[in-house]
Enquirer: 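One structure follows; several queries about it will come next.
Numbers restart at 1 for each chain; the letters A, B, ... are given by sequence-line order, proteins then strands. Please read these numbers as outputs of a predicted model, since none were measured by experiment.
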Protein chains: 2
Amino acid sequence: MDGSPSPASQSPWMPFESRRRARDEKREAVLRMAVQLFLEQGYHRTTLNDVAERLNITKPALYNYFSGKDEILYECWAIGQERVDDCLNEIAAGGGSGLAKLRKLIVGYAEVMTTDYGKSLVRFDMRDLTEHNRRIVQLAKRKIDRAFRSYIREGIADGSIKPCDAKLSAFAIAGSLNWIGHWFQPGGKLPPETIAEEFAIHLTEGIAAKTTRKKAEKPPVKAKKMRGGTR
Amino acid sequence: MDGSPSPASQSPWMPFESRRRARDEKREAVLRMAVQLFLEQGYHRTTLNDVAERLNITKPALYNYFSGKDEILYECWAIGQERVDDCLNEIAAGGGSGLAKLRKLIVGYAEVMTTDYGKSLVRFDMRDLTEHNRRIVQLAKRKIDRAFRSYIREGIADGSIKPCDAKLSAFAIAGSLNWIGHWFQPGGKLPPETIAEEFAIHLTEGIAAKTTRKKAEKPPVKAKKMRGGTR
DNA sequence: CCCGTATATTACCCGCGGGTAATAAATAGT
DNA sequence: ACTATTTATTACCCGCGGGTAATATACGGG
């Protein structure tokens, strides 16, 4: 039934009939289309008409779900941020050396960066948001930065990481990871997991206390649990 | 202003030259103000009125020097690119191992990234440009990317760099460097040169064949080994 | 069946900002 | 001083696109 007859469009609004989808699903559909277009064309070059049209609806319909364009932008960002937060929480829940935590963060963050919502964390201009939302974003960014730095400091303290400037190292690592959001596209030959693992090794190779050439201990990166709910 | 070194009577071309020079200076003043505002407020939120106003002129006056807003954006980018090109040419002219060249590039590129025009290389959206200019930009970006990769490959070939995936390593390094353009601001306690040197060491620490503290061949990078404490 | 609510549409507003005359003021060349 | 050219100003156009009002259609409950 809900199997759309024509997969040409992922939109729940098939021209006329089945419009009885749950509200949240429609909201999500809007966000998925929006983030895709924002990334593809840029926020300012993407009109709400563009978004609506590709969903087989009209612009004002969007206002049933969002208060304005900037809120859509914010929600896209928020979904990506949520995934990073999940990652941070998982790490905080687990144990391990500073280096181990840092690597977990790199792997998780890198994988997020290969998704549309993840890209929105670094490709969107936060100055397009309202003052209120912008502050939330800035706070979140500081949180991520602090995580990187504190894991590095932790690693230095526990001996798993060589003494180094935590701030600069964090910038270097975060920069490499954020850049993924600019060059990665799903079609490539390197799958996200491979990229993430390679980066986890490479980016810590310079600061790890011991030689990093260990192949074991990592293959099963833990059950990567898929959260069913999208949001 | 420009004290004419000799009376105009001696050189009939002098007036012409001086006028052209004055024109170029004004053009540059426009670009300096534009790049500053574009970085500060973002391209789309910066109006030509903003630019003109801060220069004590009016919007249409800008059209004496530029054909439109997008051309101003392009010229800002071009200045930054020129500096990178200078850096690339210097490296190409000199010698050294692949690793040495890579480090030179890191130092040079990092320093460019701390300038306004350098930031424009990574903070501006090329999709705001005309098709023609966008193609030039893409070409230049590929050129830089090729430089990173080829130095790495060269380093692997001559033994100065450990075997690794040149493409991924280049992305990682370029990402760290490009990120500088997002976080650096002149007021900080770390001067650009220090950042550049630190990055040159850190970013190659993982892939350098031997311990990084070697002064073999040429010492293009000052032996600033001071690791650990940093400051 | 009727009504309330949620959802969608059509038609419109309007402000922002890039770009363009038409024209005035400055500067060089003779 | 007169003229041509460059450079600047004032005043305007107009299209794009975010946002709104009025309205139509569907759905669910009594």
Enquirer: Give, ordered by number, those residues of residues 43-52 of chain A having at least one heavy-atom distance below 4.0 Å to an atom of DNA chain D; if nothing qualifies, reply none.
Expert: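 The stretch gives A:T46, A:T47, A:L48 as the residues lying under 4.0 Å from the strand, ordered by number.
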Enquirer: Using side chain to side chain contact (heavy atoms under 4.5 Å, CB included) as the criterion, list what pairs up with A:S67, not counting sequence neighbours.
Expert: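 Applying side chain to side chain contact (heavy atoms under 4.5 Å, CB included) to A:S67 gives A:E71.
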Enquirer: Take atom CZ of B:R23 and atom P of C:dA28, then tell me their distance rounded to the nearest Å.
Expert: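 Between P of C:dA28 and CZ of B:R23: 15 Å.
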Enquirer: Using side chain to side chain donor-acceptor pair (under 3.5 Å) as the criterion, list what pairs up with A:K143, not counting sequence neighbours.
Expert: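 Result, side chain to side chain donor-acceptor pair (under 3.5 Å) vs A:K143: A:D85.
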Enquirer: Please give, in whole Å, the distance from C:dA8 P to A:E53 CD?
Expert: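 The distance from CD of A:E53 to P of C:dA8 comes to 16 Å, rounded to the nearest Å.
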Enquirer: Rounded to whole angstrom units, what separation is found between the CZ atom of A:F66 and the C1' atom of D:dG18?
Expert: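 Rounded to whole Å, this separation is 16 Å.
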Enquirer: Applying side chain to side chain contact (heavy atoms under 4.5 Å, CB included), name anything that partners B:P191, two or more places apart in sequence or on another chain.
Expert: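 Counting only residues at least two positions away or on another chain, B:P191 forms a side chain to side chain contact (heavy atoms under 4.5 Å, CB included) with B:E193, B:T194.
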Enquirer: Take the protein atom OH of A:Y63 and the nucleotide atom P of C:dT9, then report the distance between them rounded to whole Å.
Expert: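 Taking atom P of C:dT9 as the reference, OH of A:Y63 is at 15 Å.
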Enquirer: Enumerate, atom names and distances included, each donor-acceptor pair closer than 3.5 Å involving a side-chain atom of residues 110-119 of chain B, sequence neighbours excluded.
Expert:
| from | atom 1 | to | atom 2 | distance (Å) |
| --- | --- | --- | --- | --- |
| B:T114 | OG1 | B:E111 | O | 2.6 |
| B:T115 | OG1 | B:V112 | O | 2.7 |
| B:T115 | OG1 | B:G118 | N | 3.0 |
| B:Y117 | OH | B:R32 | N | 3.3 |
| B:K119 | NZ | B:F184 | O | 2.8 |

Enquirer: What do you reckon, are the aromatic ring centroids of A:W179 and B:F171 less than 6.0 Å apart?
Expert: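 Between B:F171 and A:W179, which both carry aromatic rings, the centre distance is not below 6.0 Å.
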Enquirer: Do nucleotides 8-15 of chain D as a string where each nucleotide becomes B, S or -: B if the base has a protein heavy atom under 4.0 Å, S if just the sugar-phosphate does, - if no protein is that close.
Expert: BBBB----
Enquirer: Report the distance from atom CZ of B:F38 to atom C1' of C:dG17, rounded to the nearest whole Å.
Expert: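 For the pair B:F38 CZ and C:dG17 C1', the rounded distance is 13 Å.
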Enquirer: Please set out all donor-acceptor pairs under 3.5 angstrom arising from side-chain atoms of residues 39-46 of chain A, sequence neighbours excluded.
Expert:
| from | atom 1 | to | atom 2 | distance (Å) |
| --- | --- | --- | --- | --- |
| A:Q41 | OE1 | A:T46 | OG1 | 3.2 |
| A:Y43 | OH | A:D70 | N | 3.4 |
| A:H44 | NE2 | A:D128 | OD1 | 3.0 |
| A:H44 | NE2 | A:D128 | OD2 | 3.4 |
| A:R45 | NE | A:Q41 | O | 2.7 |
| A:R45 | NH1 | B:D128 | OD1 | 2.2 |
| A:R45 | NH2 | A:Q41 | O | 3.1 |
| A:R45 | NH2 | B:D125 | OD2 | 2.7 |
| A:T46 | OG1 | A:L37 | O | 3.3 |
| A:T46 | OG1 | A:G42 | O | 2.7 |

Enquirer: Separation of B:R27 atom CZ from D:dT7 atom P, in whole Å?
Expert: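 Atom-to-atom, B:R27 to D:dT7, this comes out as 12 Å.
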Enquirer: Quick one: list whatever passes ring pair (Phe, Tyr, Trp, His ring centres under 6.0 Å) with A:Y74, sequence neighbours left out.
Expert: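 A:W77.
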Enquirer: Could you work out, with salt bridge (Lys or Arg N to Asp or Glu O under 4.0 Å) as the rule, every residue matching B:R153, not counting sequence neighbours?
Expert: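 Salt bridge (Lys or Arg N to Asp or Glu O under 4.0 Å) check on B:R153 returns nothing, list empty.
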Enquirer: When the distance from NZ of B:K69 to P of C:dC16 is rounded to whole Å, what number comes out?
Expert: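 Spelled out: NZ on B:K69 to P on C:dC16 is 15 Å.
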